[in-house]
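Worksheet: the structure to be examined is printed underneath.
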Amino acid sequence: MESGKSIRIIMSAFLIGVFVLSMMTINLSNTVKAQSPEEQLWNWLNSQKCLCHGGTLRVTLPSEPNTLNWWVAGSDWSILAVAPIYDHPLRFVNGTLVHELVTDYSWSNNHTVLTLKVRKGVQWHDGKPMTAEDIAFTINVLAHDAWTYYHGYYTHVDHAEAVDNYTVKVYFKSPDAGFIYNALTSMNVMPEHIWKPIIDKYGNKTVTYMPKVPDDLVGTGPFKIVKYVPSQYIEYVANKNYWIKGRPCIDKLIVNFITESSTALLAIEKGDTDIYDGWVTAESVPTLLSYPGVAIQVYVGAYGVYYWGFLNNEPLPNGKFKPHYPFNISTFRRALAFAVNKTEIVQDLLQGYGVPASPGLVPPGIGNLGKYYNPNVANAYYFDLNMTAKLLDQLGFKDYDHDGWRDYPNGTHFSFEIYPPAYDIVRVRAAQKIKEWLSEVPGGGVKVIVRVLDWKTTWPLIYHGKVDSWLLGSGLGVDITGIYRRLHSWPQGTGNWQRYSNPEMDKLLDQLLQAFDEQTRKELAWKIQEIVAHDVPMVPLYHRKYIRPYRTDKFDGFFLPSDASIYNRFTLLAVHLKASKCPTLPTSVTTKTVTSVVTSTYKTTVTYTTTYMTTTTYEKTMTTTLPSGKTTTIVKTYTSTSPVTKVVTSVGTTTVTKPVTSTFTSAVTTTKTVTTATKTGISAAEATAIAIIIAIIVGAIAYALARRK
Amino acid sequence: MKRVLARRLVTSIITFFVTISIVFIFAHLSGDPLAELEDDPRVTPDVIAAMKAAFGLNKPLYMQYLDFIWSVLHGNLGYSLQYLRPVEDIIKERFPYTLALLVPSITLSNYLAYKAGVETGWRRGSKFDLSFMTVSMFMRSVPYFWLAIIFLYVFSVKLGWTPIFGAITPGISFANTWAWLKDYLWHYILPFTVLVFRETLAMLLYVRNTLIEVLREDYITTAKAKGLDEAYVKYRYAARNALLPMITILGMRYAFLIDGAVLTETVFAYPGMGRTVFEAIVNRDFWLLQGAVVLLSASVIIVNFIIDIIYLYLDPRVRYR
């Protein structure tokens, strides 16, 4: 008994030891140097070798671009349509700030001057060099011309100037801590030599200027535009002189437009398009996954939130505000917040394709904004109708006439309205759920009237402050400063439709706008979230998860961020044909690099030689010197599909060739949700068959009846 | 006859102006196209004010109306709020697709409906008639949208005969016109078939019903009693008289077909005016909507005017009234 126990202890200690050792060897390469998140992203990109250059990536957007003139492009689709041809100074990739055309930035001590270092050796598509002048020009146009769509991000900027070819200084009227994250990550650097003459000539009328394709659409981006067929497609070709050498791997990109999502999904099924960057319902996921060669990406719309807003204060025609009783009382709003079951909304209405929102408004740990999330506020309120009843009783909202509904403290009947927009069935049903929950409050329900109207009718009612409450989806921005306009009192709080006003909050938000130190920003953000969770100007409900189907049978190297669509810059740079789809197989070895020398326990020297092939494969050669003095060379050819056998003969060596089927691994962990492909509902083919059978039966009955007459 | 034509012309012009005025009023009463920008952090109130000024939306409504009528009289349709381009340009690049799809499909479907309607009406109650009626009734009650998706699923995805979307294969440069035409027709055939299929079955019922009514007339009995050839009675006596109400319906169908085009263009991602008009309505793109309505009402009125002239020839009663 005793000895058996000790053997077990020794065995388990041994196993643990083996396990730890093996873990150490696995982590060896990662523990050598701690990588910054940005380095990890670039390393991921480098790990995605272009096996060969070539191939056409076809992407479907659900809407056509309204304009190709980026200065005035507002819709997502217009911005996406020109995105491949331009570069940003900086870019958010999966919540990490990545340096693109700006390699470094620094603030002056009083934060009124921002110095940008510009990347060297970048060329416009027409061959002219991209310099600091171009960046200064772009910033100046956006800051000075109110007709540009992005003007709102540049209101603090006085002007920008190029100090030398690779340095830009941006002068500010007042400090703006959000500028780097809001403006520089969304700005396309535009060529001065193309646009200065156009803007000088047309002035304000540049709004209606349609750039000539391709002459006016010159950028520094990885793709050049070659053809635009309105309401059908845009054709791009790879920019061979892109500043990231050897990228992009594909040589053509076609973006087409399909408004109807069922048609787009048929195109995905048939393989007529590789990515569909449009709305897909949760119901179609099982069907999509049942198609061979189709995968889905799921990401969280973390930069926007769906919420239940309350009109805290009513705007008056003279520009002043009047408390909107009882929604001006924070206890009353909190009482309503306790009556909302966010989990049920996410599970039942969104079918799991959502994340319950934090009472503090900042998304729980998703994307760049999620870095500022305060977990302490998560339980500021929760679904508990007894709490609602308790708080309403405190305020005197009781059922005085015993009709089952709570009344105003003065005894008159109380009810209020919720406005969800008619086009979004989830919000309509969420409003009905809220109505249901509030009707079940113990000691008398709260009467809610759900008003479902067309969005174009609902929206003016909300932004003119004419209704009690609404269900709205609003953008929060990529940076924490984005919440400024959602929570600051008017007139600065231009997106604060609740007309919520709290001097303490205003003070914190003003400080946030001027806080450049990351620690201070975080502290302020945490305090702000505590106040939001306590005051409840609105009840944040959920962040939606979006589904993007794509085909995996032709290309590898899709970049799947957790906070953005698969159709993004890193996908465009990394996506490459699979080895089996590459036009030719490799014939010659170009480079050989010795990566490491390891002495094994058998006292033989093992040399790993990494060999990059010119076109399609990646090779590893292992030379083993045996005790007898003979040398064995094993050439491992790594391709993502079938193994390539290669015999290397050289004098004095014995060559052993082994087929290997390994694939590359990536440094960046990307999210991929696996959903079991259980088929629900009927397919279109079955529907057709049923329809035909019904038609035959109906016909037969009709015929029989007619014959009887 | 000249007086009749002149009167028709005057009413047509009045109808045209009444139509575009009604559209103007309804479009402008139904909402502010730029209101949504208020929630966008990138846009400042200055931007919205600048855009309103650029599109003349800051003026009082009656001034906007006068602007609109004035520009219509000058043949200028203004700038689209959505596309930020002249409305003429947008119509020019899309309307040809709609015309090329609709005119042949209406013509063919009307001819087929006429033939099938006359045949089924003539042999009413027969197996032939009943099977036609059943299919026709069934197809009429099926949502058009669903029908188009089924066609797409069967012919494009399963059989692979036709492409799924668009009017042309994206990203191909064609060697010659013939290659282009082949690709164009390859994309054209499915939307065209669906439109013809649907329209034929819809029109067939009208033709059949009017024919059955005509068959009850005494002169048909007389003709039959005279021992005239069946085909002669069918086409010279019955079908000709049944044609008159059909011509009226035909004119109306031309106007209504735009809604069929919206669905066809949406499902097949086919370029054209239908989808553009639909999106202009959704986005309250006043100028584009007005421009499209000017064009559509003008074409519908012209078609009706032509139909009136045809009537004058077909029906002597109109001529002598």
Side-chain angles (χ1 to χ4, degrees), chain A residues 56 58 66-67 69 72 74 146-153 155 182 186 204-205 207-208 210 227 229-233 235 252 254 256-260 262-264 266-267 269-270 272 456-457 459-460 463 474-475 477 482 485 494-495 497 684-685 687-688 691 694-695 698-699 702-703 706, chain B residues 30-32 35-47 49-51 54 79-80 82-86 89-90 93-94 125 127 130-131 133-135 137-138 142 146 149-150 152-154 156-158 160 163-168 170-171 266-269 271-272 275-276 279 282 284:
Chain A
T56 302
R58 294 152 309 166
N66 294 337
T67 176
N69 180 350
V72 293
W147 50 263
T148 53
Y149 200 89
Y150 280 81
H151 182 63
Y153 285 161
T155 46
N182 293 324
S186 60
N204 298 347
K205 296 271 182 222
V207 173
T208 51
M210 181 66 180
K227 201 171 176 190
V229 184
S231 89
Q232 295 193 61
Y233 69 91
E235 187 183 339
K252 210 168 171 188
I254 285 175
N256 52 48
F257 320 113
I258 302 180
T259 322
E260 176 48 45
S262 340
T263 310
L266 289 180
E269 182 187 349
K270 198 189 169 196
D272 280 1
K456 294 271 170 184
T457 319
W459 174 234
Y463 91 84
S474 282
R485 58 189 294 279
T494 48
W497 307 118
T688 324
I694 291 173
V698 170
Y703 182 57
Chain B
S30 64
D32 179 355
E36 222 158 310
L37 299 182
E38 304 269 357
D39 200 39
D40 193 327
R42 298 167 295 182
V43 179
T44 59
D46 308 353
V47 181
M51 283 196 71
Y79 282 89
S80 157
Q82 236 181 313
Y83 296 94
L84 305 166
R85 275 191 290 153
D89 289 4
I90 295 161
E93 70 195 21
R94 284 150 215 245
K127 274 184 197 171
L130 274 171
S131 52
M133 280 309 100
T134 315
V135 173
M137 289 305 262
F138 176 71
V142 158
W146 185 83
I149 285 280
I150 292 296
L152 205 53
Y153 184 75
V154 172
S156 298
V157 179
K158 286 292 137 182
I164 289 180
F165 61 89
I168 215 90
T266 307
V267 174
F268 297 99
R275 213 168 83 193
T276 311
E279 272 160 27
V282 171
R284 307 291 196 272

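All values reported here derive from a predicted model rather than from experimental measurement. Keep in mind that the numbers below use all heavy atoms, side chains included, and drop hydrogens, waters and symmetry copies.
The residue among A:Thr148, A:Val229, A:Asn256, A:Ile694 with the most heavy atom pairs within less than 4.5 Å of chain B is A:Asn256. Listed options B:Val154, B:Ile168, B:Thr276 were ranked by heavy-atom pairs under 4.5 angstrom with chain A; first place goes to B:Ile168. The candidate with the highest count of non-hydrogen atom pairs below 4.5 Å against chain A, out of B:Ser131, B:Ala269, B:Pro271, is B:Pro271. By number of non-hydrogen pairs under 4.5 angstrom with chain B, the leading residue of A:Gly495, A:Ala267, A:Gly475, A:Ala264 is A:Ala267. Residue with the most contacts toward chain A among B:Gly272, B:Ser80, B:Pro170, B:Ala167: B:Pro170 (heavy-atom pairs, distance under 4.5 Å). The choice from A:Trp147, A:Trp497, A:Tyr153, A:Tyr233 that makes the most heavy-atom pairs within less than 4.5 Å of chain B is A:Tyr233.
Only the side chain of A:Lys252 comes within less than 4.5 Å of a heavy atom of chain B; its backbone N, CA, C and O stay farther away. Using a 4.5 Å cut-off between heavy atoms, A:Ile258 contacts chain B through both its backbone and its side chain. Heavy atoms closer than 4.5 Å to chain B are found in both the backbone and the side chain of A:Tyr150. Proximity to chain B (any heavy atom under 4.5 Å) is shown, for A:Ser186, by neither the backbone nor the side chain. Residue A:Glu235 touches chain B through its side chain alone, counting heavy-atom pairs closer than 4.5 Å. For chain A, no part of B:Ile90 is nearby; none of its heavy atoms comes within less than 4.5 Å. Both the backbone and the side chain of A:Asp272 come within less than 4.5 Å of a heavy atom of chain B. Contacts between B:Thr266 and chain A at a heavy-atom distance below 4.5 Å involve backbone atoms as well as side-chain atoms.
A:Met210 CE: more than 12 foreign heavy atoms inside a 6.0 Å radius.
Applying the side chain to side chain donor-acceptor pair (under 3.5 Å) criterion to A:Thr259, with sequence neighbours excluded, gives B:Arg275.
Between A:Leu266 and B:Ile164, the shortest heavy-atom contact is O-CD1, 3.4 Å. Between A:Pro230 and B:Glu93 the shortest heavy-atom distance is CB-OE2, 3.1 Å.
A heavy-atom distance below 4.5 Å is not found between the side chains of B:Tyr79 and A:Lys205.
To the nearest 0.5 Å, atom CG of residue B:Asp89 and atom CZ of residue B:Arg94 are 10.5 Å apart.
Distance alone, capped at 3.5 Å, places no donor-acceptor pair between the A:Thr263 side chain and the B:Phe268 backbone.
Looking at A:Glu260 and A:Ser262, their side chains do bring a donor and an acceptor atom within 3.5 Å of each other.
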Evaluate side chain to side chain contact (heavy atoms under 4.5 Å, CB included) for A:Asn69 paired with B:Leu84, printing each intermediate quantity in order.
-> CA-CA 9 Å; A:Asn69 180 350; B:Leu84 305 166; over 6 Å; no
